Structures are given as C-alpha cells and as structure tokens.
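What you are looking at is a predicted structure, and each value in this text was computed from that prediction instead of being measured. We count ligands from 1, going down the list as the structure has it; atoms in each ligand are counted the same way.
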Amino acid sequence: MARKPAQKPVFAIIVAAGSGSRCPGPQAKQFLSLGGQPLYLWSVKAFQKCLKITGIVIVGPNHNPQALHEMQQETTLFNKVITIIAGGNSRTESVSIGVAALAAATPILTDSDPILIHDGVRPLVSPELILKVIDQVSSKQIAIPTTRPTATVKKIVGNTITQTIAREEIGLAQTPQGVPYGLLCEALDYWLKNPTTPITDEGALIENLPPENRAQVTIVNVAGETCNLKVTFPEDLQQAESLLQKKMTHEVPFKPRQATGFGYDVHAFAAGRKLILGGIEIPGHTGLAGHSDADVLIHALVDALLGAVGAGDIGRHFPDHDLAFKNLCSLHFLSRTMTIVRERGFYLEAADITIVAQQPKLAPHIPSMLTILKKTITSPCQLNIKATTSEGLGFTGRREGIAAYAVATVTATPL
Ligand code: MG
C-alpha cells in the first residue's frame, strides 16, 4: 500500500513589532487589551490551536526589552512558540529578522516548507483560514487571503476622482500570507539589497522580485474573513471586542475522543420496600429508601455516564421532587441516559461498578444484573459488576445502607 506523504512542517511568524502611531495612548496597539488579554496573544492562540502549525516565531518591538520580557512571560504555556525576538524598523525588516531567527532555531527547513506571516494586530484570525492558506502554498505558489470591498471604489488623483474601479477586481489583503521558505528568503534578500519600494505585505514583496523571477510565481487568492480585521484605529478595537464576544458565545465546546466519568451513590435501608439492585429484585431482604426504586447501583452508573459525556448529574435529569419519577424503575433512567450519551455523539465503551453491602450476598445475582443492564444499554460494551463488603466498618458495615461506585468510559462516535 502506498504510504501517505509525511506532513510538511509549517511555521508561523507573528509580527507584533509596530510602535502603534495611529492608535493613541501610551501602549503600542499589539499590547492593547482585548477580552482582558493583549491583542497579539489572540493570534498566538489561534496558531497554537491549529494542528498543522509546527512552530511560531514572535517578532516583538525593537528597543523595548521590557515588552519582550512580558511577551516571554505571557507565552510560557504556548509550547509551539520557538522564540520571541526584537524586530526592525519596518515590517519587512521585522519579517526578515523573524525568518533568520526561525532558520537559526530550525535546521530542518526546506525550500518548499510553508511559512505563514501574520500581523499581530489581527486577533480574530480563525484556524480554518490558517488551514486554507497552508493548503495553497507550494514551492512556486504563495497564498493571500482577501475580502471584497463593500463600497464603490474610486481612483483619486490629488483631490479629484478620476475613475470608478470595478469592485470585482479589488481584494483587500489580509494575513496570514503563506510563502514557501525558499521563495521568502529569495524575495527578502532581493528587497534588502534593493530597498527602494515600501513593502506592506508578502504579496508586494513577491511582486517586487525581478520580472523573470516574479513570472515563475503564482499568487493565489484565498477567501478571507471579515472578522479577521486589523486593529489600526481605536474604533477597530471596539469592533474586535464585540466580534470576540460573539465568537466566544458560539464557540463549539471541546469534544474529547474518549472520556471517563465517575459515579457514586448511597441509599439507606428502609422497612417495607423491595430491594432492587442492578435492575433486578433481590428477594428476602429489606429494600432501600428513595424517591424512585432506589437502585443505588444504576444511580451510580447513570452518574458515571452523565459525567463521561459532560452532561451534569442524575439530580439534574431526574430530580427527586418530580412525581413522574416516584417509585419509577431506575432502568428507565439508564435507558434515558444512554439516549443522552448517543445524542452527545458517544457510545459506551466500558463500565465497571463496585457495590458495597455487608448484606445480602450479591455475587449470585450479578449475572442476572448484567443481562438486564446490557439489554437496557442496547449497544455492545464491556460491563463489569463487583460486590464487596466493608469488613463491618462504616455505615455499610453497620448494615445501615448500600453504597455503589461506578466508572464509565465513552468513545466519540465515528462521523
Ligand atoms: Mg440515588
């Protein structure tokens, strides 16, 4: 069978080196607070989260060792950050310094490896956009996200409008811009030797190459995102704040591939009640007090299942003040809980239950309990029940009641 080609390393350079002359105040704009955190840190988070990103270089401000020190401290927990380095006097100089720092730290780089350059003042970049850009980078191809202008675009000469430009021909460039390492080095070298034109993005850097070299490179347009705004003016920060709030509210909750939950329950003996454990009646012994049938074993299992899928606890789903559950057979709780497990995209892999009772002797009843529990669970799983005493100690030892412990492991259902 043909082997899948190995995943290329992908590195990001986050440029957070500006002095922020257009945003008034004592702080450079990349350090302004957004959602209680410095602006640039949101970009670092987005790249840290993206599975295809191998490492991150952050280019901080020049002549500001205190800011660099704070950035070091703020990013301690981000294991993809390779280095934080002081930038230069222009964006292109800062990118060049970042690339040199990356090359020094990463001897494995090859010419076709994608390098993503991102502005540290675009805090709301999404992992999806990062992936779209990565996918379009190859040895002679760079990728730039753009959005379309929504207003009519005019050409202005002096104070006169000379032309209306077709909106379809205009794209407003965003970052991250993806460039293969070899081409990025070539374009930076060329610009550093001929620093005539001011360069504001990697697209312009490639356009600046001599025509014969430029002709070999394709610049692919990737659909950008309107929320990926650049914070330049104070009002941009307000807009970013409201977009961030929206994003946090709609953020998809983390879903593990596998999870384990734990459950524990206790019921006291009560005269005049049937003893129901594991869905079966144990004849000849006092039962347990409770709102439902007081099946302590099933209650512990239900709590373990709900815990495993992050769905709260038995009291939340089956409150003991609800008359619908009065004297109800707890197998209904288990059946309903299995529906919750499935609705949340999981199936039960295995459960292990320990029941603690000084009396009656439960071992002979375990096979029947397993049969009825498996029938209620419906999907195949490994189920285990153990019965023990507490050697005469504690409330179970004094024959005051029965306790049960359960752990359940669930696995995400394949899509
Ligand atoms: Mg209970």
Pair D293 + K274: basic N to acidic O under 4.0 Å: no
Salt-bridge contact K132-D135 (side-chain N to carboxylate O under 4.0 Å): no
All pairs passing salt bridge (charged side-chain N to carboxylate O under 4.0 Å, His left out) where residues 346-375 contributes a residue, at least two apart: D352-K386
Protein N/O/S count near the Mg ion (ligand 1) (criterion: distance under 2.8 Å): 3
Electrostatic pair K246-E241, nearest N-O below 4.0 angstrom: no
Worked verdict on R122 versus E225 for salt bridge (Lys or Arg N to Asp or Glu O under 4.0 Å): CA-CA 11 Å; R122 288 189 186 271; E225 294 172 347; over 6 Å; no
cation_pi(K29, F233) dist<6.0 Å, angle<=45: no
